[in-house]
Amino acid sequence: MSDDAAPWLIVGLGNPGSEYAGNRHNIGFMVVDLLAERIGGKFKTHKARAQVVEGRMGPPGPANRRVVLAKPMSFMNLSGGPVTALRDFYKVPLERIVAVHDELDIDYPTLRLKLGGGDNGHNGLKSMTKSMGADYHRVRCGIGRPPGRMQVADFVLKDFSSTERKELDWFVDRAADSVECLVSEGLERAQSAYNG
């Protein structure tokens, strides 16, 4: 398969299980759920320990891309295993992998897109980078820092506050738009349109 025919692999990072569904740490799952809805797909279990949807994204014509949307079903700190298995299965070059994840160092609800870089203490990214290297795209969904003395782990594993929830649908929608723009039009265009 030529690189050009290879799909994009869009990975939402999160923790499986209904008790985590509304957590800040699960915004990546929320974004790929919305993308799956937009392309009319239903998640199916893949042997790579992930839920996947295959489909096409973007406007009709040359900017229309084959995509695989994925939610690793390992816990966050083991995301690298399922993502690497999906990469190998679908023969996806590293620069066509997009991780959608929560980011503490960016205020809520701000987006930043980038290619490569460090993991900034994010266990999902740490696991992916250890498995594959760092040169994949990231859609960083700002959740801000924990208030007061709250531990980071407690903060990311809590649901969005009622105030945050007022903007959450808009934020998830915008993050999904940014992924579509990245896949169809490239990183620079997506950064100039969506980076907050």
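The structure presented is a predicted model; accordingly, all values stated were derived computationally and were not measured.
Atom-to-atom distance recorded for N77:CG and L125:CG is 12.5 Å, nearest 0.5 angstrom. Taking CD1 from I10 and CD from E180, the interatomic distance works out to 8.5 Å, rounded to the nearest 0.5 Å. Atom CZ of R140 sits about 6.0 Å away from atom NE2 of H101, to the nearest 0.5 Å. The distance from the CG atom of L168 to the OG1 atom of T163 is 12.0 Å, given to the nearest 0.5 Å. To the nearest 0.5 Å, atoms CG (L13) and OG (S79) are separated by 5.0 Å. Atom-to-atom distance recorded for H25:NE2 and N123:CG is 6.0 Å, nearest 0.5 angstrom.
Geometrically, R138 engages Y136 in a cation-pi contact defined by less than 6.0 Å to the ring centre and at most 45° from the axis.
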*Going through the checks in order, is the side chain to side chain contact (heavy atoms under 4.5 Å, CB included) test met by L104 and N120?*
CA-CA 9 Å; L104 288 159; N120 212 7; over 6 Å; no
*Given the rule in the side chain to side chain contact (heavy atoms under 4.5 Å, CB included) test, do H46 and M73 qualify, once you have shown the distances and angles that lead to the verdict?*
CA-CA 10 Å; H46 191 279; M73 290 289 113; over 6 Å; no
*Applying side chain to side chain contact (heavy atoms under 4.5 Å, CB included), run through V98 and V139 and close with a yes or a no.*
CA-CA 7 Å; V98 182; V139 174; 3.8 Å; yes
*Verify side chain to side chain contact (heavy atoms under 4.5 Å, CB included) between R65 and R56, making sure each step is shown before the conclusion.*
CA-CA 5 Å; R65 304 273 186 256; R56 300 197 76 86; 5.8 Å; no
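Taking hydrophobic clusters as Ile, Leu, Val, Met, Phe, Trp and Tyr residues chained together by side-chain heavy-atom distances below 4.5 Å, I27 shares a cluster with L34. One hydrophobic cluster holds both V183 and L115 under the rule that ILVMFWY side chains link at heavy-atom gaps under 4.5 Å. Grouping the Ile, Leu, Val, Met, Phe, Trp and Tyr side chains by contacts below 4.5 angstrom, directly or via other members, places V11 apart from V67. Cluster annotation: V100 is connected to L157 through the hydrophobic network of ILVMFWY side chains, with a link wherever side-chain heavy atoms come within less than 4.5 Å. Cluster annotation: V52 is connected to M76 through the hydrophobic network of ILVMFWY side chains, with a link wherever side-chain heavy atoms come within less than 4.5 Å.
Side-chain N or O atoms of N26 include one that pairs as donor or acceptor with a backbone N or O of N15 at under 3.5 Å. Checking side-chain atoms of R165 against main-chain N and O of F160 turns up a donor-acceptor pair under 3.5 Å. At distances below 3.5 Å, at least one donor-acceptor pair connects side-chain atoms of S131 with backbone N or O atoms of S127. A distance-only check finds no donor-acceptor pair linking the side chain of E185 to the backbone of L182 [under 3.5 Å]. A donor-acceptor pair is defined here as one N or O able to donate and one able to accept, closer than 3.5 Å; no such pair exists between the side chain of D135 and the backbone of G116.
Heavy-atom neighbours of E188 CD from other residues, nucleotides or ligands within 6.0 Å: at or below the threshold of 12. In this structure, K130 places its NZ atom where only 12 or fewer heavy-atom neighbours from other residues, nucleotides or ligands lie under 6.0 Å away.
Between Q51 and K44 there is no side-chain heavy-atom pair separated by less than 4.5 Å. Under the 4.5 Å side-chain criterion, counting only non-hydrogen atoms from C-beta, L94 is in contact with M132. Looking at heavy atoms from C-beta onward, V68 lies out of side-chain contact with V53 at the 4.5 angstrom threshold. Side-chain contact check for F29 versus P72: some heavy-atom pair is nearer than 4.5 Å. Between T110 and D107 there is a side-chain heavy-atom pair separated by less than 4.5 Å. Here the side chains of P59 and N64 are not in contact, with every heavy-atom distance at 4.5 Å or above. In this structure, the side chains of L111 and R174 come closer than 4.5 Å at one or more pairs of heavy atoms.
Side-chain atoms of R112 and N195 include no donor-acceptor pair closer than 3.5 Å. Side chain to side chain, Y90 and E54 meet the donor-acceptor criterion of an N or O pair below 3.5 Å.
Minimum heavy-atom separation, K71 to D33: NZ-OD1, 2.7 Å. Here the shortest heavy-atom pairing between I143 and F155 reads O-CZ, 3.6 Å. Closest approach of A175 and C141 over heavy atoms only: CB-SG, 4.1 Å. Across all non-hydrogen atoms, the minimal contact from V32 to A70 is CG2-O, 4.1 Å. Of all non-hydrogen atoms in R189 and C181, the two that sit nearest each other are CG-SG, 3.8 Å. Annotation for V83 and L9: closest pair O-CD2, 4.0 Å, computed over non-hydrogen atoms.
Looking at R145 and D105, a side-chain N of the basic residue comes within less than 4.0 Å of a carboxylate O on the acidic one, giving a salt bridge. Electrostatic pairing of D177 and R38 counts as a salt bridge here, judged by a charged N lying under 4.0 Å from a carboxylate O.
Classified by interplanar angle (parallel below 30°, tilted 30° to 60°, perpendicular above 60°), the ring pair W8/H137 is tilted. Note: Y108 and F171 have perpendicular aromatic rings, judged against thresholds of 30 and 60 degrees for the angle between ring planes.
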